[in-house]
Amino acid sequence: MLASPVMERHLYSIRMHASLGGRHLSGAEHLAPFEDLEELAAALVRRALTHPGGRAEQVTISIDPVVAETIRQSRLPDVRTVRVVDWEQGRQTALHWLKVAGVTESAAWTAMQAMQQGGAPDGTSMRGAMLVDVVSGERLELDHARGVRVSRMDLTLEAEQALRAALVSRNLDNPHVREALILAGKVLMTPGVVAELCWSDDPDYTAGYVAAPGFGYVRFPHLKPLGEGRGGRAFFFAREGFNLDQVVTFLEKEAVLFTRPGRFLRDMEAGE
Ligand code: WAQ
Ligand code: MG
């Protein structure tokens with residue numbers, strides 16, 4: 001949330017990570033000028049201590065300077081909802097959109113199965129995303145429990161206001177949607193990315209999405225059963241030209257600021 005022109009300001013990345021019983025509970029972050037850090041830190045701590053999943057035991061706030069000239073500016077992805085009646089139809093339809101993006105059916109299926117089983121070796125959700133070979137479905141990230149964390153992205157205050165106005169009128173103005181759009185927006189800028197698949201780890205939130213550079217962010221109201229606490233993210237990459245270090249550095253370290261929302265496209269039915 002940035003109120004003033006970006007390039008003249010010295011910016012900071014401010015990130016919160018909270019855990020409970022040794023498990024990841026909550027995380028959030030912003031890119032902000034110096035003057036906003038104190039207030040943002042307080043808001044992030046409040047968020048960690050009032051999380052619906054329990055009160056955090058450990059909260060870490062990290063602040064790092066970001067060189068203003070290195071910040072990439074972009075527009076958020078276009079958004080559309082595909083109506084599905086239940087999570088089975090949602091998965092089937094998500095599989096279709098992944099194929100449209102260029103993921104093989106077997107790779108898409110393999111990733112979905114891995115996410116359903118929690119993604120991490122102990123059967124819980126990963127902290128970050130799995131990186132998946134678009135053809136074979138093979139996992140490419142080094143740490144299957146942590147995965148790759150997308151970080152250092154935010155929107156300007158103007159873009160946030162425009163986005164929220166567009167979301168409110170569609171009954172979609174909640175933190176899940178806003179944060180997922182920002183995260184997917186950065187993922188879609190990654191060199192070599194073909195698509196992203198995501199569903200929430202919040203037991204009460206069944207929605208998820210498929211995003212791809214060609215069609216933006218396509219959301220499905222149901223991608224998992226209500227009450228399911230395992231969620232995840234899979235980023236699909238073409239193996240040719242894939243460079244793990246470059247991809248991880250981009251996703252974790254390079255700052256991206258969204259200055260405009262994407263377009264909102266009409267809802268579709270699953271069979272369309
Ligand atoms: N980087 C990579 N992976 C992440 C990150 C991150 N910064 N944050 C979360 N994940 C992974 C991790 O495995 C989580 O378990 C999983 O994603 C889901 O995270 O209605 O709420 O924050 O359009 O629970 C999408 C649909 C909601 C929104 C996504 O994700 C809509 C959501 P959550
Ligand atoms: Mg969650």
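Indexing begins at 1, ligand by ligand and atom by atom, following the structure's order. Being a predicted model, the structure only gives us computed values, none of them experimental. One-based numbering along the sequence shown.
Hydrophobic side-chain contacts under 4.5 Å tie Leu25 into a cluster, directly or through other members, with Leu20.
Remark: ligand 1 and Met153 share no N or O pair separated by less than 3.5 Å (distance only, no angle test). Residue His176 has at least one N or O atom closer than 3.5 Å to an N or O atom of ligand 1. For ligand 1, the polar-atom distance check finds an N/O of Met126 within less than 3.5 Å of one of the ligand's N/O atoms.
With distances taken over non-hydrogen atoms, the option nearest atom 8 (N) of ligand 1 out of Arg149, Met130, Arg15 is Arg149. The residue among Pro203, Gly128, Ser200 with a heavy atom at the shortest distance from atom 27 (C) of ligand 1 is Ser200.
A donor atom on one side chain and an acceptor atom on the other are found under 3.5 Å apart for Ser151 and Glu29.
A pairwise comparison of heavy atoms in Ile14 and Leu37 identifies CD1-O, 3.8 Å as the closest pair.
The CZ atom of Arg149 sits 10.0 Å away from atom CZ of Arg15, with the distance rounded to the nearest 0.5 Å. Atom CG in Asp64 sits 5.0 Å away from atom CZ in Arg152 (nearest 0.5 Å).
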Checklist entry - For Met126 and Glu141, what are the C-alpha separation, side-chain angles and deciding distance, and is it a side-chain contact (heavy atoms from CB on, under 4.5 Å)? => result CA-CA 12 Å; Met126 300 168 70; Glu141 79 280 9; 3.6 Å; yes
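Checking side-chain atoms of Asp78 against main-chain N and O of Arg263 turns up a donor-acceptor pair under 3.5 Å.
Both tests do not hold together for Lys186 against Phe258: distance to the six-membered ring centre under 6.0 Å, angle to the ring axis within 45°.
Contact check on Glu272 versus Arg266 returns a salt bridge, with a Lys/Arg side-chain nitrogen under 4.0 Å from an Asp/Glu carboxylate oxygen.
Counting only protein N, O or S atoms, 1 lie closer than 2.8 Å to the Mg ion (ligand 2).
With respect to atom 29 (C) of ligand 1, the closest heavy atom belonging to the protein is Cys198 SG, 3.6 Å.
By the 4.0 Å heavy-atom criterion, Leu251 is excluded from the residues contacting ligand 1. In this structure, Arg127 has a heavy atom closer than 4.0 Å to ligand 1.
At a heavy-atom cutoff of 4.0 Å, ligand 1 is contacted by no atom of Asn174, backbone or side chain.
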